[in-house]
Participant: 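I have a structure I would like to understand better, so I am pasting it below and will then ask my questions one at a time.
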Amino acid sequence: MPRTRDTDACPGALQVHQAADGALVRVRLPGGMITADQLAALTAVAGGLGSGTLELTVRGNVQVRGITDVTAAAAAIAGAGLLPSATHERVRNIVASPLSGRAGGRADVRGWVGDLDAAIRAEPRLAELGGRFWFSVDDGRADVSGLGADVGAQVLDDGVALLLAGRDTGVRPDADGVIEALVAVALRFLEVRGKAWRVNELADVRVLLPAADPRGPTFPVRTGPPVGWIGQDDGRVTLGAAVPLGVLPARVAEYLVAVQAPLVVTPWRSVLICDLDEAVADAAVRVLAPVGLVFDENSPWLTVSACTGRPGCAHSVADVRADAARSLDPDSTVHRHFVGCERACGSPLAGEVLVATGDGYRLERSAAGRRRDEP
């Protein structure tokens with residue numbers, strides 16, 4: 001169903017959300033890519049002006065809660081090169097295959113991410129797109145296509161598929177025209193959306209793309225991040241570090257910064273530490289694991305997630321993060337997402353959603369259609 005809200009309240013680095021625990025800043029990271037120095041800047045914002053933690057979101061972005069000086073925080077974010085456009089900063093929502101160009105996949109789509117980001121910022125009309133609309137760029141391994149982005153590209157063996165709301169439309173743009181096709185769909189959405197903020201709120205996607213098959217196939221939903229020691233195609237190593245409940249303390253982030261390696265925040269609220277020599281990777285694991293990052297693909301932390309909950313969210317009736325942590329089950333094979341109210345923020349598209357009722361939790365078997373907002 002379309003939303004009834006006429007204005008977009010999704011937070012950014014300049015338009016903040018006044019949460020129950022203070023101002024919340026969200027920083028977009030196209031493709032989840034961030035340098036060590038940029039992470040250092042966000043860590044300083046969290047430690048000096050915020051709650052002391054960084055929150056990783058289901059769009060591969062980072063947010064900081066409890067900001068005491070919004071102007072100073074924005075200046076620090078801009079100074080780190082994380083705010084290239086004041087007008088478009090909330091619409092740079094691009095999720096891409098996190099390991100692309102390093103390990104596996106049919107193509108290196110990192111260049112597409114940069115080109116799409118530049119194209120979005122270059123089109124004045126897309127400033128009105130809204131902070132919830134997002135793009136996906138999948139390098140062929142089908143890891144992010146199943147997340148249901150509004151419009152996406154999926155690399156195939158023999159071309160590129162154009163996706164709408166996670167479905168293959170049957171449309172095959174030329175590789176050189178992928179960015180143009182994605183931007184064209186976004187512009188068309190602005191023309192026809194009415195009060196809708198997402199493609200899946202439209203009655204028929206063919207208003208965006210007449211040639212689209214509205215019943216085209218979808219892709220499997222991935223609920224867990226790549227974790228552990230990942231050999232790169234060039235012989236170097238990426239470390240996949242799960243972040244329990246997506247909450248990264250500033251003091252732990254400082255250890256990540258110290259590795260001085262390229263980083264990728266994934267849509268499963270984890271971090272990839274990339275392009276490491278084996279000796280450096282081994283040393284990094286020995287330092288980072290004891291401070292709370294998870295490198296074990298069998299860890300029960302990979303089977304639970306949660307929205308913000310109390311005390312940060314005024315809508316929540318429970319401290320869902322604490323309840324999720326207490327629920328850890330080493331034998332669980334089903335992903336469980338704990339939420340503090342019916343809005344079910346951050347719900348994955350597969351697994352169980354447990355909704356707080358005030359005296360316990362009500363179980364929903366499917367998270368389909370329930371993902372609303374980050375985190």
Participant: Going by an N to O cut-off under 4.0 Å, is there a salt bridge joining Arg28 and Glu89?
Facilitator: no

Participant: Mark yes or no for whether Asp150, through its side chain, and Val199, through its backbone, hold a donor-acceptor pair below 3.5 Å.
Facilitator: yes

Participant: Give a yes or no on whether Ile179 and Leu209 share a hydrophobic cluster (residues Ile, Leu, Val, Met, Phe, Trp, Tyr; joining criterion: side-chain heavy atoms under 4.5 Å apart).
Facilitator: yes

Participant: Between Phe338 and Tyr361, what is the ring plane arrangement, given parallel below 30°, perpendicular above 60°, and tilted in between?
Facilitator: perpendicular

Participant: Could you grab the distance from atom CG of Leu83 to atom NE2 of His88, nearest 0.5 Å is fine?
Facilitator: 12.5 Å

Participant: Between Leu272 and Val265, is any pair of side-chain heavy atoms under 4.5 Å apart?
Facilitator: no

Participant: Evaluate side-chain contact (heavy atoms from CB on, under 4.5 Å) for Ile273 paired with Leu288, printing each intermediate quantity in order.
Facilitator: CA-CA 11 Å; Ile273 312 158; Leu288 295 171; 3.6 Å; yes

Participant: Measuring only between side-chain heavy atoms, which start at C-beta, is Pro348 closer than 4.5 Å to Val58?
Facilitator: no

Participant: Evaluate the side-chain proximity of Leu293 to Val285: yes if any heavy-atom separation is below 4.5 Å, no if none is.
Facilitator: no

Participant: When rounded to the nearest 0.5 angstrom, what is the spacing between OG1 in Thr266 and CZ in Arg59?
Facilitator: 13.0 Å

Participant: About how many Å separate CD1 of Ile77 and CG of Leu82, when rounded to the nearest 0.5 Å?
Facilitator: 7.5 Å

Participant: Between Asp275 and Gln232, do the side chains contain an N or O donor and an N or O acceptor separated by less than 3.5 Å?
Facilitator: yes

Participant: Quick one: do Asp8 and Arg90 satisfy salt bridge (Lys or Arg N to Asp or Glu O under 4.0 Å)? Show the steps, please.
Facilitator: CA-CA 10 Å; Asp8 178 27; Arg90 293 184 302 137; 2.9 Å; yes

Participant: Is there a side-chain contact between Thr35 and Leu263 in this structure, where contact means two heavy atoms from C-beta onward sitting under 4.5 Å apart?
Facilitator: no

Participant: Please test Leu182 against Trp112 for side-chain contact (heavy atoms from CB on, under 4.5 Å), starting from the C-alpha separation and ending with a verdict.
Facilitator: CA-CA 11 Å; Leu182 295 173; Trp112 280 358; over 6 Å; no

Participant: Please say which of Val178, Ile94, Val109 ends up in a side-chain contact (heavy atoms from CB on, under 4.5 Å) with Leu116.
Facilitator: Ile94

Participant: Taking NZ, NE, NH1 and NH2 as the nitrogens, is one of them in Arg336 or Asp329 under 4.0 Å from a carboxylate oxygen of the other?
Facilitator: no

Participant: Mind checking the SG-CZ spacing from Cys313 to Arg65? Nearest 0.5 Å is all I need.
Facilitator: 7.5 Å

Participant: Determine whether Asp117 and Arg121 satisfy the following criterion, side-chain contact (heavy atoms from CB on, under 4.5 Å), listing intermediate values before the conclusion.
Facilitator: CA-CA 6 Å; Asp117 182 28; Arg121 288 185 279 116; 3.3 Å; yes

Participant: Salt-bridged, Arg141 to Asp139, with N to O below 4.0 Å?
Facilitator: yes

Participant: Does a donor on one side chain and an acceptor on the other come within less than 3.5 Å for Asp359 and Thr357?
Facilitator: yes

Participant: Nearest 0.5 Å please: distance from the OG1 atom of Thr223 over to the CG atom of Leu302.
Facilitator: 8.5 Å

Participant: Would you name the heavy atoms of Pro311 and Ala20 that are closest together and state the gap between them?
Facilitator: O-CB, 3.4 Å

Participant: Is there a chain of hydrophobic side chains (I, L, V, M, F, W, Y, each step under 4.5 Å between heavy atoms) that links Trp268 to Leu256?
Facilitator: no

Participant: Got a salt bridge between Glu128 and Arg193, using NZ or NE/NH1/NH2 to carboxylate O under 4.0 Å?
Facilitator: no

Participant: Treating Arg343 as the side-chain partner and Cys345 as the backbone partner, does any N or O pair qualify as donor plus acceptor under 3.5 Å?
Facilitator: no

Participant: Kindly determine whether Arg188 and Glu191 satisfy salt bridge (Lys or Arg N to Asp or Glu O under 4.0 Å), including the steps that lead there.
Facilitator: CA-CA 5 Å; Arg188 178 60 179 162; Glu191 295 174 356; 2.9 Å; yes

Participant: Taking all non-hydrogen atoms of both residues into account, name the closest pair between Gly309 and Val320 and its distance.
Facilitator: CA-CG2, 3.7 Å

Participant: Would you indicate whether the side-chain heavy atoms of Arg167 and Pro217 approach each other to under 4.5 Å?
Facilitator: no

Participant: Check this for me: does any side-chain nitrogen of one of Asp157 and Arg106 sit under 4.0 Å from a carboxylate oxygen of the other?
Facilitator: yes

Participant: Looking at Ala127 and Val91, what are the two nearest heavy atoms and their distance?
Facilitator: O-CG1, 4.1 Å

Participant: Can you find a side-chain donor-acceptor pair between Ser145 and Gln154 that sits under 3.5 Å?
Facilitator: yes

Participant: As a quick check of understanding, evaluate side-chain contact (heavy atoms from CB on, under 4.5 Å) for Thr308 and Glu55, giving each step before the final call.
Facilitator: CA-CA 9 Å; Thr308 297; Glu55 294 183 342; 4.3 Å; yes

Participant: Nearest 0.5 Å please: distance from the NE2 atom of His17 over to the SG atom of Cys10.
Facilitator: 10.0 Å

Participant: So with a 6.0 Å cut-off around CG of Asp176, is the heavy-atom count from everything else above 12?
Facilitator: no

Participant: Decide yes or no for Trp134 and Arg92: does some side-chain heavy atom of the first lie under 4.5 Å from some side-chain heavy atom of the second?
Facilitator: no

Participant: I'd like to know if the side chain of Asp143 pairs up with that of Ser97 as donor and acceptor (distance under 3.5 Å, no hydrogens or angles considered).
Facilitator: yes

Participant: Are Leu56 and Trp301 connected in the hydrophobic side-chain network, where two residues link if heavy atoms are under 4.5 Å apart?
Facilitator: no

Participant: Got more than 12 heavy atoms from elsewhere within 6.0 Å of CZ, Phe295?
Facilitator: yes

Participant: Is a side-chain N or O of Asp138 found less than 3.5 angstrom from the main chain of Val144, in a donor-acceptor match?
Facilitator: yes

Participant: Identify the two heavy atoms, one from Ile67 and one from Gly50, that lie closest to each other, and give their separation to 0.1 Å.
Facilitator: CD1-CA, 4.1 Å

Participant: Is there side-chain contact between Val27 and Val64, with heavy atoms separated by less than 4.5 Å?
Facilitator: no

Participant: For atom CD of Glu297, decide whether the heavy atoms of other residues, nucleotides or ligands shown that lie under 6.0 angstrom number more than 12.
Facilitator: no

Participant: Strictly by modelled atom types, are His335 and Thr303 linked by a side-chain donor-acceptor pair under 3.5 Å?
Facilitator: no

Participant: Between Glu201 and Arg198, is there a salt bridge with N-O shorter than 4.0 Å?
Facilitator: no

Participant: Has Asp319 got a side-chain atom pairing as donor or acceptor with Ala322's backbone, closer than 3.5 angstrom?
Facilitator: yes

Participant: Looking at Arg102 and Asp233, is there a salt bridge between them, counting it only when a charged N and a carboxylate O are closer than 4.0 Å?
Facilitator: no

Participant: Write down the atom of Val264, the atom of Cys274, and the distance for their closest heavy-atom approach.
Facilitator: CG2-SG, 4.1 Å

Participant: Looking at Thr218 and Gly146, would you say the former's side chain and the latter's main chain have a donor-acceptor pair under 3.5 Å?
Facilitator: no

Participant: Using a cut-off of 6.0 Å, state whether more than 12 heavy atoms not belonging to Asp204 lie near its atom CG.
Facilitator: yes

Participant: Should Ile120 and Leu208 be regarded as members of a common hydrophobic cluster, given that ILVMFWY residues are connected when their side-chain heavy atoms come within less than 4.5 Å of each other, either directly or indirectly?
Facilitator: yes

Participant: Would you check if the side chain of Asp174 reaches a backbone N or O of Gly177 as a donor-acceptor pair within less than 3.5 Å?
Facilitator: no

Participant: Would you find a donor on one side and an acceptor on the other, under 3.5 Å apart, between the side chain of Asp277 and the backbone of Ala279?
Facilitator: no

Participant: For Asn200 and Ala165, indicate whether the former's side chain and the latter's backbone hold a donor-acceptor pair under 3.5 Å.
Facilitator: no

Participant: Does any non-hydrogen side-chain atom of Val113 lie less than 4.5 Å from one of Phe135?
Facilitator: no

Participant: Considering all heavy atoms of both residues, which atom of Pro225 and which atom of Ala242 are nearest to each other, and what is their separation?
Facilitator: CG-CB, 4.4 Å

Participant: Same hydrophobic cluster for Val185 and Leu163, using side-chain heavy-atom links shorter than 4.5 Å among ILVMFWY?
Facilitator: no

